[in-house]
Amino acid sequence: KELHSYTKYNTWDTVLSWINSIASSNPSLVSKQVIGNTFEGRPMTLLKLGKSSGTTKPSIFLDCGIHAREWISPAFCQWFVKEALETYGSDSQMTSLLDQMDVYVLPVFNIDGYEYSHTTNRMWRKTRSKLSGSSCLGTDPNRNFDAGWCTVGASSNPCSETFCGSTPESEIEVKNVADFIRKNKSSIKAYLTIHSYSQLLLFPYSYSYNLAADHSELMSVAQGASAALTSLYGTRYTSGPGASTIYLAAGGSDDWAYDLGVKYSYTFELRDTGYHGFLLPESQIKPTCEETMLAVKYIAAHVQKNL
Ligand SMILES: NCCCCC[C@@H](C[SeH])C(=O)O
Ligand SMILES: [Zn+2]
Ligand SMILES: [Zn+2]
Ligand SMILES: [Zn+2]
């Protein structure tokens with residue numbers, strides 16, 4: 001296996017070894033749990049960051065790698081864990097965050113797809129599930145959640161890149177995550193899902209043009225988070241509801257989490273705006289992750305203030 005690097009796009013085997021070593025070398029701050037397997041049988045391994053306490057703490061759920069080709073996304077989740085562990089005890093905000101809350105990090109959601117994009121097709125997006133009756137493979141996990149499922153901005157054609165699946169949560173990866181969040185919904189206060197590319201900070205809804213009940217608060221937090229991000233290297237972000245800011249898209253994880261009651265639900269579209277697109281060079285991993293840390297910490301601080 002290759003050596004793990006925070007400034008490289010690590011393969012799944014390397015990420016899994018990293019998960020295991022991170023958890024075993026920081027037992028007081030980190031634990032790991034497998035929330036289920038993927039279609040091809042890989043373990044969906046969730047990291048839980050936070051000072052251990054006997055009781056259930058309020059938490060933030062952060063996932064990366066829903067879409068296979070968006071390699072900067074899993075790179076960010078690994079970076080977040082590094083920063084959290086590195087700065088706990090020295091950075092007052094991170095210390096307070098991990099003392100008061102837990103942060104669940106799912107470094108790679110769509111592991112099968114991520115692996116396939118490393119070995120076979122760099123531009124793969126979906127899962128790798130097989131639907132009987134079609135020669136085409138995979139469902140778009142971000143159209144497979146039970147939120148306006150398959151009504152707009154999704155396709156019922158298995159060969160489409162935005163195939164919504166045979167039913168909501170037909171994808172075992174989606175069901176595993178949805179089950180975990182449902183089970184912990186009373187304590188999960190924020191849901192952050194990381195994608196690329198376009199430099200956007202999106203929030204519900206994408207399944208309709210209707211504004212979320214918490215639209216004004218979600219918007220002002222998004223604007224503050226984007227401004228924090230921009231302050232580092234000048235990277236420009238656009239904030240807004242998914243439907244009007246990017247496109248109508250039903251079945252998304254953010255809309256589903258929001259309607260479940262997770263108020264602070266955001267989708268990040270990281271760098272860039274199309275010059276490299278999904279093929280963001282490894283030289284941009286560090287700056288992208290450092291600026292994104294500022295946005296995530298801004299949101300986390302707002303969540304903490306509103307506990
Ligand atoms: N819930 C949909 C949020 C807006 C669309 C996000 C992008 C990320 Se590649 C998509 O799933 O098409
Ligand atoms: Zn995506
Ligand atoms: Zn995207
Ligand atoms: Zn840093």
Side-chain angles (χ1 to χ4, degrees), residues 9 61-77 106-114 116-117 121-127 138-155 160-165 168-169 171 173-174 177-178 181 190-212 215 218-219 222 226 237-260 262 264-280 288 292:
Y9 297 121
F61 189 98
L62 169 68
D63 69 42
C64 291
I66 282 188
H67 290 137
R69 63 192 177 193
E70 299 164 14
W71 288 5
I72 187 61
S73 170
F76 176 70
C77 271
L106 183 64
V108 188
F109 185 120
N110 175 10
I111 311 169
D112 298 348
Y114 184 68
Y116 189 73
S117 70
N121 178 348
R122 177 69 182 81
M123 293 304 279
W124 192 256
R125 170 182 167 97
K126 304 189 289 180
T127 62
T139 289
D140 183 346
N142 215 25
R143 302 294 185 278
N144 191 237
F145 282 81
D146 199 1
W149 181 76
C150 226
T151 52
V152 286
S155 168
S160 166
E161 287 283 39
T162 57
F163 178 46
C164 58
E169 300 183 16
E171 302 312 291
E173 297 87 353
V174 170
V177 170
I181 295 175
Y191 172 73
L192 308 178
T193 183
I194 313 298
H195 291 254
S196 79
Y197 62 90
S198 293
Q199 296 174 195
L200 305 172
L201 184 44
L202 307 168
F203 50 89
Y205 288 104
S206 293
Y207 68 56
S208 111
Y209 287 113
N210 295 339
L211 296 185
H215 174 82
L218 292 175
M219 186 61 165
S226 300
Y237 263 64
T238 304
S239 302
S244 58
T245 308
I246 185 167
Y247 35 60
L248 282 170
S253 60
D254 54 358
D255 288 356
W256 176 81
Y258 184 76
D259 283 343
L260 188 71
V262 181
Y264 302 103
S265 182
Y266 289 98
T267 295
F268 281 77
E269 286 268 45
L270 303 186
R271 288 191 192 183
D272 60 14
T273 54
Y275 186 83
H276 294 290
F278 302 116
L279 312 185
L280 194 71
T288 301
T292 307

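Counting convention: from 1, in listed order, for ligands and their atoms alike. Small disclaimer: the values here were computed from a predicted structure and weren't measured.
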Can you tell me which residue and heavy atom of the protein come closest to [atom], and the distance to 0.1 Å?
| atom | answer |
| --- | --- |
| atom 6 (C) of ligand 1 | N142 ND2, 4.0 Å |
| atom 12 (O) of ligand 1 | Y247 OH, 2.6 Å |
| atom 9 (Se) of ligand 1 | E70 OE2, 3.2 Å |

Review point. Which is closest to atom 3 (C) of ligand 1 in terms of heavy atoms, S206, G252, S265?
Key: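 It is S206 whose heavy atom sits nearest to atom 3 (C) of ligand 1.
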Practice item. Check T162, D140, N110 against R125 for a side-chain hydrogen bond (donor to acceptor under 3.5 Å, both in side chains) and give me the one that passes. Key: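 That would be D140.
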Point to revise | Minimal non-hydrogen separation, A257 against S265, with atom names | key: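 It is CB-OG, 4.0 Å.
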**Study point:** Contacts of the Zn ion (ligand 2) with protein N/O/S atoms, counting only those under 2.8 Å
**Key:**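 For the Zn ion (ligand 2), the protein N, O and S atoms that sit under 2.8 Å away are H67 ND1, E70 OE1, E70 OE2, H195 ND1.
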Exercise for review: Run the numbers for me: atoms of ligand 1, each under 4.0 Å from some heavy atom of R125, listed by number.
Suggested key: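 Contacts of ligand 1 toward R125, numbered from 1: 9 (Se), 10 (C), 11 (O), 12 (O).
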**Study point:** D254 N/O to ligand 1 N/O under 3.5 Å
**Key:**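 Yes, since at least one N or O of D254 sits under 3.5 Å from an N or O of ligand 1.
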Practice item. Could you verify whether a donor N or O on one side chain and an acceptor N or O on the other, from D63 and T193, lie under 3.5 Å apart? Key: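 Their side chains do contain a donor-acceptor pair, which is all the 3.5 Å distance test asks for.
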Review point. Between H195 and E70, is any side-chain donor less than 3.5 angstrom from a side-chain acceptor?
Key: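 Present: a donor and an acceptor within the cut-off.
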Review point. Quick one: does ligand 1 sit under 4.0 Å from the side chain of L202, the backbone, both or neither, non-hydrogen atoms only?
Key: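 The part of L202 near ligand 1 is the side chain, not the backbone.
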Practice item. I would like to know whether L260 and W256 meet side-chain contact (heavy atoms from CB on, under 4.5 Å); could you show each step before the answer? Key: CA-CA 6 Å; L260 188 71; W256 176 81; 3.8 Å; yes
